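Every value quoted in this text rests on a predicted model; they were computed, and no experiment measured them. Sequential numbering from 1 along the given sequence is applied to the chain's residues.
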Amino acid sequence: MPKGERQEVRVLTASIKPGDKTAFHTHRFPVTVYVLEGAFTLEMQGREPITVKAGQAMVEPPHVK
């Protein structure tokens with residue numbers, strides 16, 4: 001987690017259509033994904049794909065494509 005006198009939490013929403021993909025990328029800090037409906041498949045470099053279904057959450061580790 002970030003260190004310093006200012007701590008911050010951001011909450012964002014995204015709508016992803018079936019078949020949509022993003023480019024491989026990284027995050028500097030852990031990212032929590034919570035799926036409201038449908039399913040989300042996350043592919044991380046060097047790991048098996050993870051499918052998160054509606055009502056489930058998972059944490060993406062930092063610095064992993």
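Minimum interatomic distance between A54 and E37 (heavy atoms only, all atoms of both residues): CB-CA, 3.7 Å. Considering all non-hydrogen atoms of both residues, T51 and T41 come closest at OG1-OG1, 3.1 Å. The heavy-atom pair separating V52 from A57 by the smallest distance is CG1-N, 4.0 Å.
Between I50 and M44, the closest side-chain pair of non-hydrogen atoms falls below 4.5 Å. Annotation: side chain of R28 is not in contact with side chain of P62 (no heavy-atom distance under 4.5 Å).
The hydrophobic cluster containing M58 also contains I16, counting ILVMFWY residues as joined when their side-chain heavy atoms lie under 4.5 angstrom apart, directly or transitively. At a threshold of 4.5 Å between side-chain heavy atoms, the hydrophobic network of Ile, Leu, Val, Met, Phe, Trp and Tyr places V64 and L42 in one connected group.
Interatomic distance, H27 NE2 to H63 NE2, rounded to the nearest 0.5 Å: 11.0 Å. Distance CZ/F40 to CD/Q56: 12.5 Å, rounded to 0.5 Å.
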